[in-house]
Asker: 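Please see the structure below; I have some questions.
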Amino acid sequence: MLFSSQVPRWLQVLLTEKFFNACIMHEEAKKNEKNIFCLDCCISLCPHCFDPHSSHRLLQIRRYVYHDVIRLDDATKLMDCSLVQSYITNSSKVIFINQRPQTRQFRGSGNFCTICDRSLQDPYLFCSLSCKVNYLLRTEDGLSEFLFECNYLPLSDSGLDDRLVTPDSVLEPSCSTKTSSGSGGYDEVWCPALASTAMTSEIVRKKRTSLTACRPTCPPVLEVSECLMNRRKKTPQRAPLY
């Protein structure tokens, strides 16, 4: 990607930085992956580097299958992120920082990213933040109209907890869950599966109970032996002699 002088320094570094590498300042420490980005210093930080930058503008970087994402709420404080496809993970909407490589190009019917031709949902036009920036640099005079002034961007409470762990998480398209009422989210996708599993378990339990109830009761072996021993033989009857 070619950057112009109108692209702010923090955005250039954000789109080119390699996150989740081990911090060279804390090589011997545990959980030393760099998953925090400081916009004021334009550097990536690990949790052990956090304290000197606690008053700076900070972005929490997450990871999904070796690709970096950021929260949509944080990104919209910095620039216009409309038409960038968002996803839901851990009850938060996120967007990809950079475009993801594709094993093959498939151009069928549907909606696709304007830059990299990745399949998208309607009405999105960009698969990542970098694709939109690349498009604006090609079609617009600059990014000044799409950048917002943000003087305060702290890590949220969940970000302070998440910065110590960086597990991969499954992302779901934002349109696949109910978000208009505020009660919908990623967990709702699994409700039918959980209900089906509970119903199946209940049916199996009932079948087992019915089979046990219908099973004929056999007398114990000891009682059968006692009956045979107490059985009295009758007097044999012989045929009369003629």
Side-chain angles (χ1 to χ4, degrees), residues 1-4 6-22 33-37 39 42 44 59-140 142-143 146-147 159 162 165-179 184-190 193:
M1 179 183 296
L2 298 177
F3 293 107
S4 66
Q6 297 181 347
V7 179
R9 173 64 180 170
W10 67 263
L11 184 56
Q12 295 184 28
V13 177
L14 176 64
L15 298 179
T16 56
E17 182 71 5
K18 301 297 182 182
F19 296 99
F20 294 94
N21 292 329
E33 291 180 327
K34 296 186 293 183
N35 60 345
I36 304 173
F37 180 69
L39 280 76
C42 295
S44 56
L59 270 178
Q60 171 71 32
I61 310 298
R62 294 171 177 260
R63 169 157 285 198
Y64 169 63
V65 193
Y66 305 107
H67 296 287
D68 303 328
V69 296
I70 57 177
R71 293 186 184 89
L72 181 61
D73 291 340
D74 294 338
T76 52
K77 296 177 182 178
L78 301 172
M79 67 173 297
D80 181 7
C81 297
S82 60
L83 302 180
V84 179
Q85 179 162 322
S86 61
Y87 297 82
I88 293 180
T89 175
N90 296 334
S91 302
S92 300
K93 285 187 176 182
V94 298
I95 58 174
F96 284 93
I97 297 178
N98 292 296
Q99 68 184 59
R100 293 155 286 164
Q102 303 183 70
T103 55
R104 60 178 179 176
Q105 296 288 338
F106 175 76
R107 190 73 181 181
S109 60
N111 191 35
F112 297 89
C113 179
T114 306
I115 300 300
C116 65
D117 292 336
R118 176 172 289 275
S119 178
L120 301 175
Q121 300 173 358
D122 291 327
Y124 301 110
L125 298 179
F126 310 102
C127 70
S128 63
L129 185 63
S130 64
C131 285
K132 179 164 186 177
V133 172
N134 196 359
Y135 175 80
L136 294 177
L137 291 177
R138 294 180 182 180
T139 59
E140 303 292 336
L143 299 179
F146 302 92
L147 298 177
D162 293 343
V165 280
T166 57
D168 291 344
S169 56
V170 179
L171 304 185
E172 290 293 331
S174 58
C175 66
S176 64
T177 56
K178 300 177 182 179
T179 56
Y186 178 79
D187 293 338
E188 290 187 8
V189 178
W190 299 101

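Position 1 is the first residue of the sequence; numbering continues from there. This structure is a prediction, so every number in the text was calculated from the model and none was measured.
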Asker: Does a side-chain heavy-atom distance below 4.5 Å link P123 with N111?
Answerer: no
Asker: Any side-chain heavy atom of L78 within less than 4.5 Å of one from W10?
Answerer: yes
Asker: For S44, enumerate each residue passing the side-chain hydrogen bond (donor to acceptor under 3.5 Å, both in side chains) test, keeping only those at least two apart in sequence or located in another chain.
Answerer: E17
Asker: Could you tell me which residues satisfy side-chain hydrogen bond (donor to acceptor under 3.5 Å, both in side chains) with D74, sequence neighbours excluded, listed by chain and number?
Answerer: none
Asker: For V94, run the side-chain contact (heavy atoms from CB on, under 4.5 Å) check against L72, D68, D73, V69 and tell me which one passes.
Answerer: V69
Asker: Residues two or more places apart in sequence or in another chain: which of them pass side chain to side chain contact (heavy atoms under 4.5 Å, CB included) with D80?
Answerer: S82, K132, F146, F148
Asker: How would you list, by chain and number, every residue that makes a side-chain hydrogen bond (donor to acceptor under 3.5 Å, both in side chains) with Q99, sequence neighbours excluded?
Answerer: none
Asker: Quick one: do N35 and Q60 satisfy side-chain contact (heavy atoms from CB on, under 4.5 Å)? Show the steps, please.
Answerer: CA-CA 6 Å; N35 60 345; Q60 171 71 32; 3.8 Å; yes
Asker: To the nearest 0.5 angstrom, please state how far the SG atom of C131 sits from the CG atom of L125.
Answerer: 11.0 Å
Asker: Relative to the ring of Y135, is the ring of F126 parallel (under 30°), tilted (30 to 60°) or perpendicular (over 60°)?
Answerer: tilted
Asker: I97 vs I61, test: side-chain contact (heavy atoms from CB on, under 4.5 Å). Steps then yes/no.
Answerer: CA-CA 9 Å; I97 297 178; I61 310 298; 4.1 Å; yes
Asker: Using the rule given for ring pair (Phe, Tyr, Trp, His ring centres under 6.0 Å), can you reason through F96 versus Y87, listing the C-alpha separation, both sets of side-chain angles and the distance that settles it, and then say yes or no?
Answerer: CA-CA 9 Å; F96 284 93; Y87 297 82; 5.5 Å; yes
Asker: Check step by step if side-chain contact (heavy atoms from CB on, under 4.5 Å) holds for K34 and K18.
Answerer: CA-CA 9 Å; K34 296 186 293 183; K18 301 297 182 182; over 6 Å; no
Asker: Walk me through whether C81 and L129 qualify under side-chain contact (heavy atoms from CB on, under 4.5 Å).
Answerer: CA-CA 7 Å; C81 297; L129 185 63; 4.1 Å; yes
